[in-house]
Amino acid sequence: MSFPLLTATAALPALGAVATAAVPAARRTAAKWLALVVSLATLALAAVVLVRFDPDGAHYQLTESHPWIADFGVRYEVGVDGIAVALIALTALLIPFIVLAGWHDADPLETGSRRWRPTQGFFALILAVEAMVIISFAATDVFVFYIFFEAMLIPMYFLIGGFGDRAHEHGEETAATQRSYAAVKFLLYNLVGGLIMLAAVIGLYVVAGNFSLQQIAEARANGSLHMATSTERWLFLGFFFAFAVKAPLWPLHTWLPNAMQESTAPVAVLITAVVDKVGTFAMLRFCLQLFPEASKWATPVILVLALISIVYGALLAVGQRDIKRLVAYASISHFGFIVLGIFAMTSQGQSGATLYMVNHGISTAALMLVAGFLISRRGSRLIADYGGVQKVAPVLAGTFLIGGLATLSLPGLAPFVSEFLVLVGTFTRYPAVGIIATFGIVLAALYTLVLYQRTMTGPVKPEVSAMPDLRARELVVVAPLIVLLIFLGVYPKPVTDIVNPAVKQTMSDVQKKDPKPEVEAAK
């Protein structure tokens, strides 16, 4: 029996979470180092998964299958395709930076201030989320996926509500109230989506007789499983609703700005760069593979929702006064591009959407973590409280600029390639949709450059005149992300080579082919 590599990659951070939580309360520094070491070891295992994966091999690789709840046909089944491998690698890559960036975020506010092992709990919850996200990407049993899709809400709830941002203009009591509101809103939105999905999961079992993604997809392909049109559509809607909440897609997005505003910067990155990717990934893996006809039936409406997300998110980002809320609305716009690429039903669109998930994770992490360092120095999230930072902290301002330029998809930085592929893939099948979506690019340039202008340029405000530049630990966090943004912007082939075969298989599952270009014959 081969080594269970995928299980080990998820089990390591889960065990690390338990060990970190068990560290004595007085040993906060030891808990931090333990969490960092575990996250780096998980990254090493994810690198082995990446190396072992053969893009030209079987659709699902490194598979494991074990009986679990035999009476209900539930098996512990995991396996990865190119899309899952890329997102597992992204998750494992970002967690060490999240841990380092949040090194002091859960320290007691003052001597003698004691919540229940606050530091240990903070880092243990981050590792727990990592474990659940990795299993969600690897699960090929629908029931196993559902369990971890929902379970990750618990540690995220405590990270938002219990370890919120300390930079608050209305005092600690009001801040605690707003953190609680954001955490409850996050939980309720996602729980409602999960409950609707649970009904669809049960319905799928009634129709198919098992929860195995591979078995159901094969039965659909060979004609041994017949689903009534209305049944397939209802089941698709149950799954898609939950994924649209997680994504987040307009109009189910309203929990995200509150959650990101009240979280620490590392937790905000965990939400939008890691956890939210489970929603868009699941659209590709479950919606399109299990319900291909219903996916095509719903495509026109979903494309409209994606367009609204792109334009609406960007417009609201332009008008924000809070740095974190601006990044949150920008992310809603970017997730609109990802959903647009998925449901454009072209290989360029879906490859671009998958690449966008990876690149958005890196670019958002870079921008939000630098923003977090900025906010921790000034003690305010309000854009109006800054000015002239580039004169006193040029390295901080420079990294903030690169993160912002990546957010607006500047050519030469990683998000440009993915956004270009999404737009090309959309335009070849839906020209009008592709044209409207390009307005999101214009608005992205507006909110990003205005943010930089108002915070980094102009006269130096007295409150920022003594602001220190990035420290060594902060540079260790930001520098690799900037390097990755530039490298993947110039040479995205390592990622596209991994995801393209999986995209081709998804296109085959929904029985879609790329439109032939209409080229006028030469005379």
Atom pair [atom1] ([X]) and [atom2] ([Y]), whose distance is rounded to the nearest 0.5 Å:
| X | Y | atom1 | atom2 | value |
| --- | --- | --- | --- | --- |
| I338 | M283 | CD1 | CE | 9.5 Å |
| F123 | L127 | CZ | CG | 9.0 Å |
| K391 | S465 | NZ | OG | 12.5 Å |
| S333 | H253 | OG | NE2 | 11.5 Å |
| L6 | I135 | CG | CD1 | 8.0 Å |
| T9 | L12 | OG1 | CG | 8.0 Å |

Main-chain N/O of [Y] paired with [X] side-chain donor or acceptor, under 3.5 Å:
| X | Y | answer |
| --- | --- | --- |
| T272 | A268 | no |
| K246 | D276 | no |
| S351 | N500 | no |
| R454 | Y386 | no |
| D322 | L382 | no |
| R381 | Q261 | yes |

Exercise. Could you give me the CA-CA distance, side-chain angles and deciding distance for V267 and M156, then say whether side-chain contact (heavy atoms from CB on, under 4.5 Å) is met?
Key: CA-CA 8 Å; V267 172; M156 286 306 309; 4.2 Å; yes
Exercise. Step by step, work out the side-chain contact (heavy atoms from CB on, under 4.5 Å) result for L485 and L481.
Key: CA-CA 6 Å; L485 286 174; L481 297 175; 5.6 Å; no
Taking all heavy atoms of [X] and all of [Y], pick out the closest pair and write down the distance.
| X | Y | result |
| --- | --- | --- |
| I134 | T91 | CG1-CG2, 4.3 Å |
| S347 | V503 | O-CG1, 3.7 Å |
| A17 | A128 | CB-N, 3.8 Å |
| A330 | A317 | N-CB, 4.0 Å |
| S39 | L36 | OG-O, 2.7 Å |
| L256 | A328 | CD2-O, 3.8 Å |

Practice problem: Verify the distance criterion only: is there a donor paired with an acceptor across the side chains of T254 and Y189 at less than 3.5 Å? | Solution: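 The answer is yes; a qualifying pair exists.
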Quiz item: Do Y447 and Q320 get their side chains close enough for a donor-acceptor pair, meaning under 3.5 Å?
Solution: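 On atom types as modelled, these side chains do not qualify, holding no pair under 3.5 Å.
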Quiz item: Any chance the rings of F149 and F243 have centres within less than 6.0 Å?
Solution: yes
Quiz prompt | F337-H360 aromatic ring centre distance below 6.0 Å | solution =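 No - the distance between ring centres of F337 and H360 does not fall below the 6.0 Å cut-off.
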Exercise. I would like to know whether E262 and Y181 meet side-chain hydrogen bond (donor to acceptor under 3.5 Å, both in side chains); could you show each step before the answer?
Key: CA-CA 9 Å; E262 298 304 328; Y181 171 78; over 6 Å; no
Exercise. Report the C-alpha distance between F286 and F145 in whole Å, list the side-chain angles of each, state the deciding distance to 0.1 Å, and finish with yes or no for ring pair (Phe, Tyr, Trp, His ring centres under 6.0 Å).
Key: CA-CA 10 Å; F286 295 100; F145 170 82; 4.5 Å; yes
Indicate yes or no: at least one non-hydrogen side-chain atom of [X] is less than 4.5 angstrom from one of [Y].
| X | Y | answer |
| --- | --- | --- |
| F343 | L288 | yes |
| F373 | V478 | yes |
| M357 | L284 | yes |
| P13 | I95 | no |
| I383 | L326 | yes |

Practice problem: Would you check, one step at a time, whether the test side-chain contact (heavy atoms from CB on, under 4.5 Å) holds for M368 with K324? | Solution: CA-CA 8 Å; M368 179 57 83; K324 287 186 176 180; 4.1 Å; yes
Quiz item: Does a side-chain N-to-carboxylate-O contact under 4.0 Å join E474 and R377?
Solution: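 Yes, charged N to carboxylate O under 4.0 Å.
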Practice problem: Would you check, one step at a time, whether the test side-chain contact (heavy atoms from CB on, under 4.5 Å) holds for V85 with D81? | Solution: CA-CA 6 Å; V85 163; D81 60 3; over 6 Å; no
Practice problem: Look at the rings of F137 and F281 and say which category their plane angle falls in: under 30° parallel, 30 to 60° tilted, over 60° perpendicular. | Solution: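 If you compare the ring of F137 with that of F281, the planes turn out perpendicular.
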Quiz prompt | Aromatic plane relationship, F487 with Y491 - under 30° parallel, 30 to 60° tilted, over 60° perpendicular | solution =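 Geometry flag for F487 against Y491: perpendicular rings.
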Self-check item: For F122, the option from T119, L125, I126 that meets side-chain contact (heavy atoms from CB on, under 4.5 Å)
Solution: I126
